[in-house]
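Take a look at the structure set out below.
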Amino acid sequence: MTGTMDANELELLRRSCSDLFNRYQDEQDGRAGWDDRLWQAIEQSGFALVSVPVEHGGEGGTLREAATVLTVAGEHCVMAPIGETAVLGAWLLGQAGLEIPAGPLTAVSAPPELQVNPVGGGWSVLGRLPRVPWGRYVARVAVLAGDHVLSLAPEAVSVEPGANLAGEPRDTLLVDCIVDRAEQARVQPGTDELLRRRQVLVRIALMAGAAQRALSSTLRYVSEREQFGRPLSGFQAVQQQVAELAGETAAMRISVDAAIDLCGRHGLEHDRAGDVLAAAKVQAGRGAGRVARIAHQLHGAIGLTDEHSLGLATTRLWAWRDEAGSEAEWACELGARVLDRGAEGLWCFITG
Amino acid sequence: MMTARGTSTDTPLIPPMVNLGPEVDVLRAEVRDFLAEELAAERFEPHCDAWLSGWDAGFSRRLGERGWLGMTIPREYGGHGRSSLERYAVTEELLAAGAPVAAHWVADRQTAPSLLRYGSDALKRRYLPAIARGECFFAIGLSEPDAGSDLAAVRTRAVHRDGGWELNGTKVWTSGAHQAHAFFVLARSSPIDVADRHAGLSQFLVGLSSPGVTVRPIRMTSGEHHFNEVLLDSVFVPDDAVIGAIGAGWQQVTSELAFERSGPERFLSTFPLLVAVVDHLSAKDIPCDSTRELGELIARLWTLRQMSLAVAGALAGGEAPDVAAALVKDLGTRLECDVIDTARLLVHTEPDLSSGERLPRLLAEAVAHAPGFTLRGGTNEILRGVVARALGMR
């Protein structure tokens, strides 16, 4: 996965991801817990370290390739921390020059109340890390504390299990340990903002995929389900709702594509990357609610149950729209960015 | 050439995203400079929905002098041989500025491409250079009193006479007919076939000052005069003013719809109002709720533009992305309306068409014109039907 892929190569990547996830869909179906065989397959295929530089022990490739993998994972509602490992954990460890171990990874920004103090050559760490994605399963938690990255081993933390609406682990980690010199390092200023942007990138790519899943599930359901002697798809009221669902899904997809394309061209550190990721998170967050609402309305009561797979997509949309900042948070930031530039800058903001 | 295609999508709903290249940046900067000069010289005042209401033949001629009309018309017909994406950039700059583009709007957007595709060489030579100079303006003769969304129900009759066709009927909602030079008339040239209602329709180029043509105003609730009723009473049209093939009118009209539905005018009609709102708010200490509402609109506008550009890219590549175009219009026109709702609650001003201040006037224009946004160019309900059909719903 080195070099830059063109559209055809991305399509091949998309298909090979899709094939892999399809092989595990029946057994795994996005509801079960941790599936080690699935994770092994993801690691062996190279998807677990997509976009991580080869010199850091990764698979190489661009953020766009990572986003492609994540969008397919979102569409398949895959129960595995691909984004957390490749785009967040391995990246943050790599930034610090720390070892990137095999296995799933995750990364978080330390909350202000976490106590981190120098001890000898290392750091003593005391406190709680709330809602750590996949915390109980990972080989390492990369914690960004101020201008240092700490690589926490599973033995160093105790886990209070938690989950998001989709059942993905969001665990509270209780930390009381000494991180020795070899497992911490200083990073460049601005790494916190880059981590935040990467967290957004992961969520929007996943959400675009999950929305697509909700749409395709709806298209199938309304053509199969009959009432009043004909398929639901024959009713104009249903058709209008389907078209609206398609529009919201398409809008999410294009905003994610455009944001990631721009981040790829200018780099995530560019100020414009902050603009477009904010815009895409707002669009995705707004779209997520609409997509889920329409999809459920058209599925009727069965969509609410675990007898139908719609909930795999909609619970993810509901969970992910509030992770890495809700659309309210990002819309405020976007609005403030626009007001800073004033009326003169508004149009340039749209076209820039 | 100047398009770099982005991420491939697995959905057939929308074409791949498009990056406009550096050549377009240069062109865009020229347009911005021009607009700044025009504004500084007070040669225009920004208006909402100026592509309907901003009729200024002098402004159109100045655009023509700069080479910004008929941009995609080949040079041999007086055009500039530029790409449709370059035209897109110029068009969106003009719309965002609220510039008076109504006079040339129809001629530049759809008459010229239709003439190029279906017109005789004589018609092309006669009209295209004048369109590119900003000297010949067109209107659209599709809707009729009993043919709105159901366009195939048009009743205007075309009967063949010696050397031409005689037209009788009534067209409505003909924007700018009282100021334009000519329009394309969709008429029934053979009796309706109930098995194929789309057959037997033809398109004719009709001069609006021809004998037998009467133009009557239809005023908006605001009192503005943009729409007209056009009566055709035994209007003679020579054979060489037939557009394309007799009987192929439906295919010809519908083949251009993606151009008409997906352009920047489908999400920028109220943009000048948003600019005024930002201007108003920038000077103040803003509560976070206001910032959030503004930010949401900005995110949606940015997304719609990406979507519209993606359609433009597919059109430039010779594709016919009808579904994506319908989605742009549905989402874009609803956004135009949402801008108004947000704006009026953010600025605490009363809409006033005659106000000397910009904000109340732009708000009033937007409110008064908004019902048209989701009707013109195919109602949003019809467009969602187009999308549903493409998704296999019917």
Side-chain angles (χ1 to χ4, degrees), chain A residues 6-8 10-11 14 18 64 67-68 71-72 75 212 215 219 222-223 233-234 236 238-240 242-244 246-251 253-255 257-258 260-261 265 275-276 278-283 286 327-328 330-340 342-343 346-347 349-351, chain B residues 5-11 13-14 16-17 19-20 28 89 92-93 96-97 271 274-282 286 288-307 309-310 323-324 326-327 330-331 381 383-389 391-394:
Chain A
D6 66 20
N8 288 336
L10 281 170
E11 179 60 22
R14 199 186 66 73
S18 192
R64 190 190 286 180
T68 300
T71 301
V72 181
E75 190 170 348
Q212 180 66 36
L215 172 63
L219 292 176
V222 299
S223 64
S233 59
Q236 282 199 347
V238 171
Q239 293 167 5
Q240 296 278 309
V242 166
E244 193 164 346
E248 293 292 345
T249 305
R253 181 57 185 267
I254 200 93
S255 71
D257 281 353
I260 288 168
D261 176 73
R265 281 185 288 125
D275 292 347
V276 297
K281 188 68 165 74
V282 172
Q283 185 73 43
R286 185 177 184 277
E327 63 267 32
W330 286 106
C332 278
E333 173 154 345
L334 199 55
R337 280 167 174 261
V338 165
L339 287 173
D340 274 351
L346 175 60
W347 178 238
F349 194 93
I350 304 290
T351 58
Chain B
R5 288 296 173 85
T7 312
S8 100
T9 68
D10 55 356
T11 152
L13 290 174
I14 204 102
M17 57 151 297
N19 293 318
L20 297 173
R28 189 186 295 285
E92 68 173 351
E93 289 298 324
F271 189 78
L274 191 61
V275 175
V277 168
V278 170
D279 193 37
H280 177 84
L281 294 179
S282 293
I286 310 302
C288 185
D289 277 359
S290 306
T291 319
R292 175 175 54 74
E293 287 173 31
L294 180 66
E296 184 183 310
L297 290 177
I298 303 297
R300 292 168 65 196
L301 262 169
W302 175 78
T303 299
L304 250 306
R305 178 172 179 272
Q306 295 297 333
M307 210 178 215
L309 265 177
V323 175
L327 289 175
D330 185 24
L331 292 169
E381 288 73 17
L383 296 173
R384 284 181 221 143
V386 168
V387 173
R389 185 187 295 126
L391 292 172
M393 294 289 103
R394 58 190 186 124

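What you see is a predicted model; the values in this text were computed from it and never measured. Letters A, B, ... mirror the listed sequences (proteins, then strands); counts begin at 1.
- In this structure, CD in A:Q283 is found 8.0 Å from CE in B:M307, a value given to the nearest 0.5 Å.
- Contact count versus chain B (heavy atoms, under 4.5 Å) is highest, among A:A67, A:G247, A:C332, A:A246, for A:C332.
- Neither the backbone nor the side chain of B:L297 comes within less than 4.5 Å of any heavy atom of chain A.
- Looking only at heavy-atom pairs under 4.5 Å with chain B, the residue among A:G234, A:A243, A:A278, A:A280 that has the most is A:A243.
- Interface remark: A:S18 contributes no atoms to any contact with chain B (heavy atom separation under 4.5 Å).
- With a 4.5 Å cut-off on non-hydrogen atoms, B:R305 touches chain A through its side chain but not through its backbone.
- Note that the CD atom of A:E244 and the CG atom of B:L331 stand 8.0 Å from one another [nearest 0.5 Å].
- Residue A:A279 comes nearest to B:W302 through the heavy atom pair CB-CE3, 3.7 Å, listed as atom of the first residue, atom of the second, then distance.
- A pairwise comparison of heavy atoms in B:E296 and A:V282 identifies CA-CG1, 4.0 Å as the closest pair.
- Atom CG of residue B:L327 and atom CD1 of residue A:I254 lie 11.0 Å apart, to the nearest 0.5 angstrom.
- Within the 4.5 angstrom heavy-atom criterion, atoms from both the backbone and the side chain of A:V276 approach chain B.
- Interface remark: of the candidates A:T351, A:L219, A:L334, A:T351 forms the most heavy-atom pairs closer than 4.5 Å to chain B.
- Among all heavy-atom pairs drawn from A:Q240 and B:E381, the shortest one is NE2-O, 2.9 Å.
- In this structure A:R265 satisfies the side chain to side chain donor-acceptor pair (under 3.5 Å) test together with A:D261, B:N19, sequence neighbours excluded.
- At a 4.5 Å heavy-atom cutoff, the contact between B:E92 and chain A is made by backbone and side-chain atoms alike.
- Between the side chain of A:Q239 and the backbone N or O of B:R389 there is no donor-acceptor pair closer than 3.5 Å.
- If you take CG on B:L274 and CH2 on A:W347, they are separated by 11.0 Å, rounding to the nearest 0.5 Å.
- Looking at every heavy atom in both residues, A:A343 comes nearest to B:V278 through N-CG1, 3.6 Å.
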From CA spacing to verdict: side-chain contact (heavy atoms from CB on, under 4.5 Å), B:R384, A:V242: CA-CA 8 Å; B:R384 284 181 221 143; A:V242 166; over 6 Å; no
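- For B:I298, the parts lying under 4.5 angstrom from a heavy atom of chain A are both the backbone and the side chain.
- A pairwise comparison of heavy atoms in A:D257 and B:M17 identifies O-SD, 3.5 Å as the closest pair.
- A:G335 approaches B:L294 most closely through the heavy-atom pair O-CD2, 4.1 Å.
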